[in-house]
Amino acid sequence: MTKNLVIVESPAKAKTIEGFLGKEFTVKSCFGHVRDLAKNELSVDVDNEFTPRYIISPDKKKIVNELKKLAEKSEIVWLASDEDREGEAISWHLTQALELADDKIKRIVFHEITKDAIIKAINNPRLIDRNLVDAQQARRVLDRLVGFEISPVLWRKVKLALSAGRVQSVAVRLIVEREKEIDTFKAISAYKVVGDFILLKEGKEHLVHAELNRKFENKEEAEAFLKKCIQANFKVCNVETKPARKSPSPPFTTSTLQQEASRKLGFSVSKTMVVAQQLYEAGKITYMRTDSYNLSDLALATCSKEVSELFGKEYHQTRKYATKTKGAQEAHEAIRPTYISAHTIEGDASQQKLYEMIWKRTIASQMADALIEKTNVNISISTTTEEFIAKGEVVKFDGFLKVYIESTDDDNEENGKSILPPLALGDLLNRTEIAAIQKYSVQPPRYTEASLVKKLEELGIGRPSTYAPTISTIQKRGYVVIASRQGKERLYDVLTLKNASIQYQQRKEVFGFEKAKLIPTDIGNLVTTFLLEHFPDILDYNFTANVEKEFDEIASGHKVWNNMLKEFYSPFKKKVKYIEKNSEKVSGERLLGVEPETGKNVYVKLGKYGPIVQIGETDEVNKPRFAGLLKSQSMENITLTEALELFKLPRTLGIYEDKEIVASVGKFGPYVRYNNAFFALPKTENPLRITLERAIEIILEKIEKNSKKLIKEFESNKEVKVLNGRWGAYIAIGKENYKIPKGKKPEELTLEECLEISQEEKKTGKKTTKRSKK
DNA sequence: CAGTGAGCGAGCTTCCGCTTGACTT
């Protein structure tokens, strides 16, 4: 019987800490919050001091019971949840859920998982900070009020099952507004001039590449300049060398890890988190949901040793980074390898790549600046005052660059920062070619998942644990999609001076191509417009920052939490009621034109199940006709011709083996139907255009694939099957499915083994998976 | 589950943050 029960949030952490403490301590994890507001009702008594009604979260009942039993047998319960607002609340909820007496609990905190830190924490227990808990309650209740009051307004005024929230609505707004910027963006162009010269020195020819120190607004000016160059002499008129230094980036936080993994490894935000979680659970890295740049003293010391041994003492520099992130809570360390000495790890390719990146970033953060020598050489032109400038860069001491180079979102800086030939004042240069190239300004880039996270973090909106879920929520609600945009072609001018003649040329370039970016949908646009009109304060980019200030005042005891909520709620609720009563339903209806045959109006608007086209008026005796838009179309861009075409569905494509093939769009997207079965069309196919041949191909493929679904069947018991599913092989018995234990080959399973596995899983209480209803 | 889109109105949807497994066209 142990005397001490320590409760932390994460099970991996519990395991590590148990090793540090003696036999007298049992360490358990509560898996985060154990109580919350009930899911399907407001659960806040708004007329009575905003008293929350908490329940034990259904998925935590088991763990709460277990902890309760252990707590009863213990003398002291050490509440060791994270040292931040949520962590403090978790501890307080534990005292309530486990019914712990005040004299039985001790609250302890530590920021790093080292033996010293834990022992120190145990020796310095404190009480639960009720002010901090109240700040969390204010945060929780505010989010509930915002979400559960505004969402129903959207159901009635826009479309069913939509949602609004302090974080998600602002995230969507960012994407919507970026798209607007792109729509209204007008590219302007200027002529950039680059020159190639030859330097003759010591019998050798050296090539010098330089750029003019100004741009020209139009072709005429550019041409006039080139003409002046025909007779000109080019001479080095200034050589300037100055030292510069580059410093490494701080070690990773959740958000910077997501950004860098996206740029360097092409990982989605959620993939990064899944892989990081695996590394964490395997004990390879520290906790992956953090906003702190801090490294433990132990980590600093081992980095110092590692750098010195690998590269020499002169490469090492101890650095501590201060957090500049708004609202950071810094309950953890930065993300770093648990053991710096492990340069690589075992694991799958994703784990290895992500680990290597974390290792390099951590090590580099404790390395010396790179020392660089930058050289600017000015080249005068005898016939005019403009000058060419050649830039060179020489790394004198590589420092941290030996290990790690951070990438940026706009990796298109091409202008050569290379080594320059030995240019000296007064050197004469021969021109080989001077070109004036028309360059267009670049439209703002659409957000990637990772760059959206970066923006949200800058605004102090969302937390490390919610970045990935937020991105998936706004997609699930249909506000945004991840899609690519084809680039468009345009011509640009190139004027080239070679020998004594100027050649004029037009070249083609593709611009605006973007791959896998966040793009708003019609619904995203409509909802954002609606919310901006009626709830501008909540959609304000500073809303979170402002309420955070109030949460801080609650935490410091200068404000009472339910008073803060009262101040917010009274005007807010009034607004909600007013809108319910006075605002019209929005559908984004737009008149496209008239149908030629009938002269009836053709509209596009948001219907109950998504965007639709309507021919005729709603109040006519003859009901209007409707057709849904294709996924690739949008309410904003659809043309009358495209809209009318939609009414050609369903389309009969032809006959295959005596049966008709029909293409159309259904509840689940475009499909072809054949022999009473449905075959979903891949994204690349359009039901309006698909040919009979292609449809047959798709049908045969699917039939082929289905035949492979069955791995094994048993004569004596037809109920039992081994099937191939999306996540590999599984056993299906009637309508229940069972996992195949690791180490067993699906093809070799016998009927007896299958039944045994199903019995086993039922007994261990594992939830068997039933076919989802509906 | 693969043809809905009016209006009536039963019963439903929805937030953010903390944590892991379980999840099967």
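Worth saying up front: this structure is predicted, and the values here are computed from it rather than measured. Letters A, B, ... mirror the listed sequences (proteins, then strands); counts begin at 1.
Among the heavy atoms of the strands, none lies under 4.0 Å from A:Gly607. When heavy atoms are screened at a 4.0 angstrom cut-off, A:Asp82 is found touching the sugar-phosphate backbone but no base atom. No engagement by A:Ala89 is indicated, since no non-hydrogen atom pair under 4.0 Å with the nucleic acid exists. At the heavy-atom level, A:Gly628 lies nowhere under 4.0 Å from the strands shown.
Using a 4.0 Å cut-off, no side-chain N or O of A:Arg85 falls inside it from OP1 or OP2 of B:dG17. Checking the phosphate oxygens (OP1, OP2) of B:dG5, no side-chain nitrogen or oxygen of A:Arg625 falls inside 4.0 Å. Remark: A:Arg477 is in phosphate contact with B:dC15, judged by side-chain N or O atoms under 4.0 Å from OP1 or OP2. One finds a side-chain N or O of A:Tyr287 lying less than 4.0 angstrom from the OP1 or OP2 phosphate oxygen of B:dT19. Phosphate proximity of B:dT19 to A:Arg289: present, with a side-chain N or O under 4.0 Å from OP1 or OP2. Remark: A:Gln614 is not in phosphate contact with B:dG5, judged by side-chain N or O atoms under 4.0 Å from OP1 or OP2. Put simply, A:Ser10 has a side-chain N or O that comes within less than 4.0 Å of OP1 or OP2 on B:dT20. At least one side-chain nitrogen or oxygen of A:Gln168 sits closer than 4.0 Å to the OP1 or OP2 atom of B:dC15. Proximity of A:Ser151 to the phosphate of B:dT13: no side-chain N or O atom is located under 4.0 Å from OP1 or OP2. One finds no side-chain N or O of A:Thr466 lying less than 4.0 angstrom from the OP1 or OP2 phosphate oxygen of B:dC16.
By the 6.0 Å and 45° rule, A:Arg107 does not stack over the aromatic ring of A:Trp92. A cation-pi arrangement is not found for A:Arg477 relative to A:Tyr479, the charged atom failing to lie both closer than 6.0 Å to the ring centre and inside a 45° cone about the ring normal. Judged by the 6.0 Å distance and 45° axis criteria, A:Arg625 is positioned over the aromatic ring of A:Phe647. Cation-pi geometry between A:Arg173 and A:Tyr541 is met: the NZ or CZ atom falls under 6.0 Å from the ring centre, inside 45° of the normal.
Between the C1' atom of B:dC1 and the CZ atom of A:Arg673 lies a distance of 14 Å, rounded to the nearest Å. Atom NZ in A:Lys608 sits about 16 Å away from atom P in B:dG3, given to the nearest Å. A straight line from CG of A:Asp143 to C1' of B:dC16 spans 5 Å, rounded to a whole angstrom. When rounded to the nearest whole Å, the span between NZ of A:Lys159 and P of B:dG5 equals 15 Å. What separates CD of A:Glu41 from C1' of B:dG11 is a distance of 15 Å, to the nearest Å.
Using modelled atom types, one finds no donor on one side chain facing an acceptor on the other under 3.5 Å when comparing A:Ser587 with A:Glu589.
No aromatic stack links A:Phe31 and the base of B:dT19, using centre distance under 5.5 Å and interplanar angle under 30°. Residue A:Trp155 and nucleotide B:dT14 are not classified as a stacked aromatic pair, given the requirement of ring centres less than 5.5 Å apart at an interplanar angle below 30°. Aromatic stacking is not marked for A:Tyr671 over B:dA2, as the cut-offs of 5.5 Å for the centres and 30° for the planes do not both hold.
A:Arg463 contributes no side-chain N or O that forms a donor-acceptor pair with the base of B:dC16 under 3.5 Å.
With respect to A:Lys28 and A:Glu66, a salt bridge is recorded, a charged nitrogen being found less than 4.0 Å from a carboxylate O.
Checking B:dT13, B:dC15, B:dT19 against the side-chain heavy atoms of A:Leu160 singles out B:dT13 as nearest.
Comparing A:Lys702 and A:Pro650, the nucleotide of DNA chain B nearest to each residue sits closer to the 5' end for A:Pro650.
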